[in-house]
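What follows is one structure encoded as structure tokens, with my remarks underneath.
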Amino acid sequence: MSVATIRGALFDLDGVVVAQCLDFMAIKHEIFGSTEGFILERIQGLSGQERARAEAILARHETEAAIRCQPLDGVVPLLRRLDHHGLRLGLVTRNSRKSVDLIQARLALPFSAIVTREDAPPKPAPDPILLACRRLGVAAHEVLFVGDFEFDMLAGRRAGVRTVLLRNPVQPFSHNADHLIASLNEIPPLLGLSDRMGSA
Ligand SMILES: [Mg+2]
């Protein structure tokens with residue numbers, strides 16, 4: 001793989017671009033009184049006032065997290081470097097548009113496409129990945145998608161992009177990952193770029 005074949009790079013937000021600030025267990029406990037399952041999928045099963053209450057709780061947690069979250073080490077120079085090399089950059093997240101706007105107001109990361117849960121069915125559906133590819137004007141097979149969770153790898157595999165798992169204690173491996181990395185510093189060599197970070 002090299003920059004000659006990869007024209008776009010998509011990133012998950014939480015745990016990849018910014019340090020994970022959302023406490024999923026606390027959110028689930030506050031909304032449902034229990035911690036099993038996944039938040040968006042459980043909210044889908046609610047209606048009326050229950051659903052409105054759940055969405056308000058989630059929005060409050062997301063806003064608080066967006067205000068205090070910090071970029072992961074090395075992500076800002078990495079994105080600048082990929083941008084400099086002409087890669088089209090996008091963000092694909094299950095978070096809300098409002099929370100991403102808050103983060104972008106502070107960090108102003110060089111993403112040309114941002115897909116949130118308002119735009120498409122959320123990962124692990126392939127839809128948000130394919131939408132980001134369309135918005136960037138690149139074909140799925142020309143795209144690398146970096147995530148830290150199985151939903152990212154599944155969505156990417158289903159969309160036909162090349163999947164990269166940023167390994168972590170919760171998700172150290174995935175059968176749906178084309179590449180496993182321990183650090184974002186491994187992305188430039190994966191793309192065939194020279195190994196000096198931030199040199200571009
Ligand atoms: Mg994540």
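All of these numbers come straight from a predicted model, not from anything done at the bench. Atoms within each ligand, like the ligands themselves, are counted from 1 in listed order.
Glu30 and His61 share a side-chain donor-acceptor pair at under 3.5 Å. Counting only N and O atoms by type, the side chains of Thr5 and Arg162 include no donor and acceptor under 3.5 Å apart.
Distances from the Mg ion (ligand 1) to the N/O/S atoms of Asp14 are shortest for O.
Because the distance cut-off is set at 2.8 Å, Asp152 fails to qualify as a neighbour of the Mg ion (ligand 1), as none of its N, O or S atoms comes that close.
No more than 12 heavy atoms of other residues, nucleotides or ligands sit less than 6.0 Å from atom CG of Asp73.
The angle that Asp148 OD1 and Asp12 OD2 make at the Mg ion (ligand 1), rounded to 10°, works out to 90°.
Within the cation-pi definition used here (under 6.0 Å to the ring centroid, within 45° of the axis), Arg94 does not qualify as a partner of Phe151.
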